[in-house]
Protein chains: 2
Amino acid sequence: MSQTVDRALRILPLLAEGPASLAEVAAHLDVHKSTALRLLHTLHEHGMVYRQDDQRYRLGARLFGLAQQAMESLDVRGIAHPHLVALNERTGHTVHLAVHEEGEVVVYIDKVESRYPVRMYSRIGKPVAITVAAVAKLLLADVPEAERRAFAERLDYPRYTAKSTPDADAYLAELARVREQGWATDLGGHEESINCLAAPIHGADGRVAAACSISAPNVVVGADELLTLRPLVLRTAEAISRELSGKEEDV
Amino acid sequence: MSQTVDRALRILPLLAEGPASLAEVAAHLDVHKSTALRLLHTLHEHGMVYRQDDQRYRLGARLFGLAQQAMESLDVRGIAHPHLVALNERTGHTVHLAVHEEGEVVVYIDKVESRYPVRMYSRIGKPVAITVAAVAKLLLADVPEAERRAFAERLDYPRYTAKSTPDADAYLAELARVREQGWATDLGGHEESINCLAAPIHGADGRVAAACSISAPNVVVGADELLTLRPLVLRTAEAISRELSGKEEDV
DNA sequence: ACGCTCATTGCACATCTTGCAACGGGAGGT
DNA sequence: ACCTCCCGTTGCAAGATGTGCAATGAGCGT
């Protein structure tokens, strides 16, 4: 809606991919160099971009700080954290917390590392592999039918592994099942040797506000053994839901 | 420099503190509501802000993703990571990696958790307590004399603990010492019971490009015992420096 | 030393942004 | 149930603001 701001913001994803020179930025925006310069200048003053020694630009530290602060101020996160730690202590596995946001993105907003030496690669703030991750399935299974359908059609279905969700139809079927049963899994769909088990966290309005999961590599526990932890994960999610909905707000 | 973009960007730190309504945003910017609305709209389209159910705005998931991507594309980070993991494996303590950016901010860009049950609170992306953290001392000790002085004067010196750096003079003296000896510590200056030991990572130009540290609470190891790990930390930093400067780039 | 590329600045034009005023809808009070 | 108040939203005209051009300067490789 605002041309200038729109252009300025289009610079950020470009720089996220790696450093770029003024000329590259101008070309990307399809504007004159002087225009790009002024936009970069403004972004720079706000610490959103950083000018490295070779005069190329990359994203600035301010961005990290903002993202950080924003995540910490999320309600769910603060409430859920102790429960996630407890779950990690009882199972030893990596625990994740994720939320969905209209922009078609699911992101991890908290993580407690596995106590086993094998660690999986994931990071807070990272967009989740939406077509395969257990937490993503739960979050999307909750969006209204029509939207969900349109959304599924629009997605890419990367074949991370042989078990990855192949297409929209398979995904919608999976979402229906997940919705039905109230929990979700990802058995080797993202990384061949890693299994996840997730449960939904409900807000006061009954809708799915977040989802938490435990993940473990095959070498530590097999898929069936992981599934035996289902009651534990579900109970954790329910405890968080209750607290989030304020059903036990008192002292 | 660009008024519109400037206004749009001023919205972000406001929202980072917590959700705000349209009216609040407009008041904060000192502009008409309709103006604020259009800016928010543009930010929204880019996923930078999110509109919650109560119609108030908060920062959006896109921001997390951008920050994430930007951090992962930092050279130092990729190079340093395996070394940090190795250091963690040998000592068991929490390992941090931090960089400095002109905007007067030092941020953690990587972290490997302690293997001991006691964990410290810190998070990737978080701005570092600049006046006390060991990594901050190393990074600032390297900026040119004049700038360093001006900078130190401008800072606040929060008394986190009794051992926190009290004022600019003390800080400058500490920086001089750190510069001299080539490593830094924070002995209970940030949190009473936590000690850190940091070493500098040099870029190809010889300047300090980053710093890494190990941290441990008193209950696990005392300050003097932590200091015995100095050679290990220094060697880790040197290894990263060598690789970063391309002094052993080959196959 | 020369010529190249790339960042930077001043300026006049017009485009895009701005604030106003009017509309609409939801919540809360009577 | 009605009315009223508050807040978000929209159309529009005025002009401030952002834009592209062309010229300057800095840095680098030949």
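Reminder, nothing fancy here: chain letters follow the sequence lines and each chain counts from 1. What you see is a predicted model; the values in this text were computed from it and never measured.
- For B:R149, the side chain to side chain donor-acceptor pair (under 3.5 Å) criterion is met by no residue, not counting sequence neighbours.
- Judged by distance alone, with hydrogens and angles left aside, the side-chain atoms of B:T35 form no donor-acceptor pair with the main-chain N or O of B:V31 at under 3.5 Å.
- With hydrogens and angles ignored, the 3.5 Å screen pairs a side-chain donor or acceptor of A:R77 with a backbone N or O of A:I109.
- The environment of CD in B:E180 is sparse: at most 12 heavy-atom neighbours from other residues, nucleotides or ligands sit within 6.0 Å.
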When you look at B:D110 and B:H96, which way does the side-chain hydrogen bond (donor to acceptor under 3.5 Å, both in side chains) test go after all the steps? CA-CA 6 Å; B:D110 204 356; B:H96 277 114; over 6 Å; no
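- Summarising the geometry, the separation between NE2 on B:H44 and C1' on D:dG8 is reported as 15 Å, rounded to the nearest angstrom.
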For nucleotides 7-13 of chain C, give me every protein contact, N/O to N/O, under 3.5 Å, one pair per line with atom names.
residue : atom : partner : partner atom : Å
C:dA7   : OP1  : A:L22   : N            : 3.3
C:dA7   : O3'  : A:R51   : NH2          : 3.2
C:dA7   : N7   : A:K33   : NZ           : 3.4
C:dT8   : OP1  : A:R51   : NH1          : 2.8
C:dT8   : OP1  : A:R51   : NH2          : 3.0
C:dT8   : OP2  : A:R51   : NH2          : 3.3

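- Listed by first and then second residue, the salt bridge (charged side-chain N to carboxylate O under 4.0 Å, His left out) pairs involving residues 12-31 of chain B amount to none (not counting sequence neighbours).
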Donor-acceptor pairs under 3.5 Å, side chain of residues 131-139 of chain A to any protein atom, not counting sequence neighbours: which ones?
residue : atom : partner : partner atom : Å
A:K137  : NZ   : A:E174  : OE2          : 3.1
A:K137  : NZ   : A:T185  : O            : 2.7

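- Put simply, the side chain of A:Q181 gets close to the backbone of A:W183: a donor and an acceptor are under 3.5 Å apart.
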Strictly under 3.5 Å: I want the nitrogen or oxygen pairs between protein and nucleotides 25-30 of chain D, one per line.
none

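- DNA chain C is contacted by A:M1, A:S2, A:Q3, A:T4 of residues 1-17 of chain A, taking any non-hydrogen atom closer than 4.0 Å.
- Between the CG atom of B:D54 and the C1' atom of C:dG25 there is a distance of 17 Å, given to the nearest Å.
- Residues A:Y50 and A:Y57 form no side-chain contact, since every pair of their non-hydrogen atoms from C-beta on lies 4.5 Å or further apart.
- A donor-acceptor contact closer than 3.5 angstrom links the side chains of A:E243 and A:H83.
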